[in-house]
Amino acid sequence: MDTPLTTIAVVGLGTMGTGIAEVLARAGREVVGIDISEAAARQAVASLEASTARSVARERITEQERRDILARFRTFSDLRAAADAELVIEVVPETYEIKQQVFRELDAVVSPAAILATGTNALSVTRLAAESQRPERVLGLHFFNPAPAMKLVEVVSSVLTAPPAVESVTRLARELGKEPVAVGDRPGFVADGLLFGYLNQAAAMYEANYASREDIDAAMKLGCGLPMGPLALLDLIGIDTARTVLEAMYTASHDRLHAPAPVLGQLSEAGLTGRKAGRGFYTYDAPGGQTVVPDALTPAESAGAVTGRTVSSVGVAGSGTMASGIAEVFAKAGYAVVLAARSQEKADTAKARIAKSLGRSVAKGRLTEEARDETLARITPAGSLDSFADVDLAVEAVAEDLEVKRQLFQTLDKVCKPGAVLATTTSSLPVVAVARVTSRPEDVIGMHFFNPAPAMKLVEVVRTVLTADDVHATVREVCVKVRKHPVDCGDRAGFIVNALLFPYLNNAIKMVEEHYATLDDIDAAMKLGGGYPMGPFELLDVVGLDVSLAIEKVLHSEFRDPGLAPAPLLEHLVAAGCLGRKTGRGFREYARR
C-alpha cells in the first residue's frame with residue numbers, strides 16, 4: 001500500500017491549476033497552491049470563493065462546508081511550501097525548461113516518498129522523469145479543462161514509474177469522482193492524441209478555403225453531435241497550445257496528419273491565439289471573452305442573392321432506411337413526395353416503414369394522428385422512376401456504388417422534366433461523376449443527409465464546378481424549409497464530416513493495433529475527455545466496419561496521404577465478416593436479436 005495522498009501541492013495556478021485545486025479541496029484534501037505570481041494566487045482564491053458561493057446558492061453545499069473548503073486551500077509563492085505534500089501536481093507552462101526547473105527544485109524539497117506528477121499533454125513524461133532524482137515516483141496526471149466538470153483523468157506511466165505510485169494516483173482520481181484511464185507515454189496520450197489530429201485537419205480544411213469556419217463547425221456539431229465545432233474548440237484551447245501539442249506529436253510520429261497546419265503558426269505568431277487574445281479563428285467581445293462578434297469573415301446577409309427554382313413536388317429514389325427517412329422529411333414539410341423503388345412491392349414496404357416511424361412519433365406525443373395521416377397521404381409509392389416525370393426535385397438514395405448511381409442518373413435525365421433539380425445523397429463518391437452522365441450537369445448537386453434523416457439536422461450541400469447558381473440556391477432554400485441546416489462544401493472525398501471523422505476513427509484503430517490503449521479506455525477517453533456522444537469503436541460498430549473501410553479507402557485514394565491508409569485491423573475484421581452491430585460482431589460482440 002502506497003502513502004495516502006492527503007496533502008497535495010498544485011504548482012501553477014492558471015486556469016487548469018486552479019481547477020485541479022478546487023477539485024482536491026472539495027474532496028477533502030489539504031491543498032497547497034504555489035505560483036510565482038501573487039496575482040495568479042489571488043485570482044485562484046477568488047475563483048474558489050466564487051465557485052463555492054454559487055454552490056451554496058444552488059444548495060449543493062452548506063455555508064459551513066464552503067468555509068471548510070476555503071480553509072483547505074492555502075497559496076504560496078515558494079516551492080518550499082510543498083515540503084509536506086505527498087503528491088505534487090505541476091501545471092506550469094508547457095516547456096521542458098520550466099518543468100525541469102520545477103522538478104529539480106522539488107527534488108530538493110519534498111520527501112523521498114512523495115509522488116511528482118506532471119500535467120503535461122504534449123511533453124515526454126519519461127524525459128521529465130529521467131532527469132529527476134526519483135524517476136520511479138514521477139508520472140503524468142492529465143486532467144481536462146474545466147477540471148471541476150470533466151470526468152476524465154489520464155494516468156500516464158513511463159517505463160521508469162513504480163506501480164505503487166500509479167496505484168495511489170489512480171485511487172485518488174476515483175476518490176475525486178473522476179474516471180482514470182491508464183495510458184503510456186507518448187505525445188497527446190489518448191484523448192488529445194486523437195483530438196488534436198482531428199483539430200489539425202479541420203484547420204487545414206479551413207486554410208484550403210474548402211468551407212467556411214461556420215460551416216465546418218456546424219457540420220461537426222450537427223453531423224457528429226459534438227458539443228463544439230473544431231475551430232471554436234481550437235480558439236478555446238489556445239491556438240498556440242494546439243500548435244505546441246501537434247509539434248510534439250509530429251516529432252514522435254512523423255505522420256503528416258500531425259504536422260501543424262500553417263495557419264496555426266501564422267495565427268500564433270500574429271498573437272491571434274483564440275479566446276484568451278480576443279481573436280483567433282473567430283473574433284470575441286474581449287480578450288478572454290466567450291461571445292463571438294461579427295468580423296470581416298462573418299457571412300453577409302443573403303440580400304440580393306440568387307433566387308432558387310420553385311419546388312413543390314419531390315421524388316425520392318430508393319427503398320432503404322435513408323430513402324424512406326428522406327421521404328418522411330419532405331412529406332412532413334408539406335411536399336408532395338413520389339417514393340420510387342425497383343418494384344411496387346419495395347416501394348410499398350418503404351412507405352410502411354415511414355408509417356411505423358410516424359406512429360412512433362405519435363406514441364411519443366411529438367405528432368398528432370391527423371398530422372401523421374396528412375404526411376402519409378402526401379407520399380405516393382411507385383415501382384418505376386417514370387413516376388418522376390413531374391417532380392421539381394429528384395433525390396437519389398440508392399446503393400453507394402458509382403456505376404449504380406450513374407445508371408440511375410442517366411434514367412433521371414430522360415425522365416425528369418427540364419429544370420428539375422437532380423440531387424445525389426452520396427457520402428463519398430464524386431458528384432461530378434454522376435453529373436457528367438446527364439445532358440444537364442448544371443442541374444446536378446449533392447445533398448448529403450445524415451442517418452437517421454428525420455432526426456439529424458445537417459445536410460451537406462455539395463456543388464460541383466458545373467452546378468448552376470440557382471440550383472445551389474434551390475437546395476439551400478429547400479433545406480431550410482424541411483428544417484435542416486445546410487452547409488456548403490466542394491466536390492471532394494468525404495465532404496466536411498466524413499473527411500474529418502474517419503481519419504480520427506482510423507487513428508483510434510491504430511492505437512489499438514499498437515497496444516497503446518484498450519478499446520474501452522479509448523472510448524471512455526473520447527466520451528469523457530472530448531465530449532463525444534459515442535467512443536470511436538462504438539461508432540465504428542454502429543456505422544458498419546465495411547462502410548467505414550470503404551470511406552477510408554476513398555479518402556486515401558483521393559488525398560494520397562499515407563496517414564489516411566486504412567488500418568490493417570479494420571481490413572482484417574471486414575475480411576472476416578465482422579462488420580459491427582449488423583452482424584453481431586465488430587470490434588465488440590453483440591447479442592443476436
Side-chain angles (χ1 to χ4, degrees), residues 311-364 366-367 369-401 403-412 415-416 420-427 429 434 446-459 475 478-479 481-484 542-544 546-547 581-582 593:
V311 175
S312 57
S313 59
V314 178
V316 179
S319 57
T321 304
M322 182 58 83
S324 56
I326 293 171
E328 178 180 331
V329 166
F330 280 112
K332 275 182 179 175
Y335 289 96
V337 178
V338 178
L339 178 55
R342 283 177 293 177
S343 68
Q344 187 65 48
E345 182 183 4
K346 285 182 177 293
D348 290 338
T349 300
K351 183 172 179 178
R353 186 185 297 117
I354 296 170
K356 186 179 289 187
S357 171
L358 294 172
R360 287 193 295 269
S361 294
V362 171
K364 293 174 182 176
R366 297 173 182 168
L367 196 70
E369 291 188 4
E370 182 182 14
R372 175 199 61 194
D373 295 342
E374 290 174 354
T375 299
L376 282 172
R378 295 188 193 107
I379 301 172
T380 303
S384 166
L385 290 174
D386 291 340
S387 56
F388 282 12
D390 296 319
V391 301
D392 304 306
L393 167 64
V395 182
E396 71 78 13
V398 299
E400 191 74 345
D401 180 292
E403 192 51 41
V404 170
K405 291 185 188 291
R406 278 176 165 159
Q407 291 177 9
L408 186 142
F409 268 76
Q410 286 176 329
T411 303
L412 293 178
V415 168
C416 294
V421 174
L422 311 181
T424 171
T425 62
T426 182
S427 63
L429 301 175
V434 296
M447 201 174 179
H448 180 212
F449 287 81
F450 287 73
N451 203 19
M456 298 294 280
K457 295 297 183 186
L458 181 68
V459 175
V475 168
V478 165
C479 285
K481 288 177 182 175
V482 299
R483 307 179 89 175
K484 302 297 181 186
V542 168
V543 169
D546 52 340
V547 173
R581 285 184 178 271
K582 58 190 174 186
R593 291 184 178 180

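Please read all numbers here as calculations on a predicted model, not as lab measurements.
- Between the side chain of K484 and the main chain of A453, a donor-acceptor pair closer than 3.5 Å is present.
- Taking both residues in full, the closest heavy atoms of S319 and A323 are given as N-CB, 3.8 Å, listed atom of the first, atom of the second, then distance.
- Within the 4.5 Å cutoff, side-chain heavy atoms of L408 are placed close to those of L385.
- When all heavy atoms are compared, the tightest approach of F450 to M322 is C-CE, 3.8 Å.
- When side chains are defined from C-beta on, H448 does not count as touching T426, because their heavy atoms never get closer than 4.5 Å.
- The SG atom of C479 sits 6.0 Å away from the CZ atom of F449 when rounded to the nearest 0.5 Å.
- Of all heavy-atom pairs between E328 and L358, the closest is OE2-CD2, 3.8 Å.
- Heavy-atom contacts from other residues, nucleotides or ligands closer than 6.0 Å to CG of D373 number more than 12.
- Looking at R353, its side chain does come within 3.5 Å of a backbone N or O of G320 through a donor-acceptor pair.
- Scanning both residues, A423 and M447, for their nearest heavy atoms gives CB-CB, 3.9 Å.
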Discussion item. Before you tell me yes or no, could you show the steps for V434 and L429 under side-chain contact (heavy atoms from CB on, under 4.5 Å), namely the whole-Å CA-CA distance, both residues' side-chain angles and the distance that decides it to 0.1 Å?
Written reply: CA-CA 9 Å; V434 296; L429 301 175; over 6 Å; no
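- Using a 4.5 Å heavy-atom cutoff, the side chains of F388 and T411 are not in contact.
- Heavy-atom contacts from other residues, nucleotides or ligands closer than 6.0 Å to CD of E370 number 12 or fewer.
- Without hydrogens or angle criteria, E400 side chain to S427 main chain gives a donor-acceptor distance under 3.5 Å.
- Residues T425 and E396 share a closest heavy-atom pair of OG1-O, 2.9 Å.
- Side-chain contact between L339 and I354: present, with at least one pair of heavy atoms (C-beta onward) separated by less than 4.5 Å.
- Residues F330 and V478 have side chains in contact (heavy-atom distance under 4.5 Å, counting atoms from C-beta outward).
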Give every donor-acceptor pair under 3.5 Å between a side-chain atom in residues 375-383 and any protein atom, sequence neighbours left out.
residue : atom : partner : partner atom : Å
T375    : OG1  : A371    : O            : 2.8
R378    : NH1  : A331    : O            : 2.7

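- Between D546 and K582, the closest side-chain pair of non-hydrogen atoms falls below 4.5 Å.
- Across P454 and V329, no two heavy atoms sit closer than the pair CA-CG2, 3.7 Å.
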Discussion item. For V314 and V391: C-alpha separation, side-chain torsions, deciding distance, then whether side-chain contact (heavy atoms from CB on, under 4.5 Å) applies.
Written reply: CA-CA 5 Å; V314 178; V391 301; 5.9 Å; no
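- When the shell of 6.0 Å around CD of Q344 is examined, it contains more than 12 heavy atoms from other residues, nucleotides or ligands.
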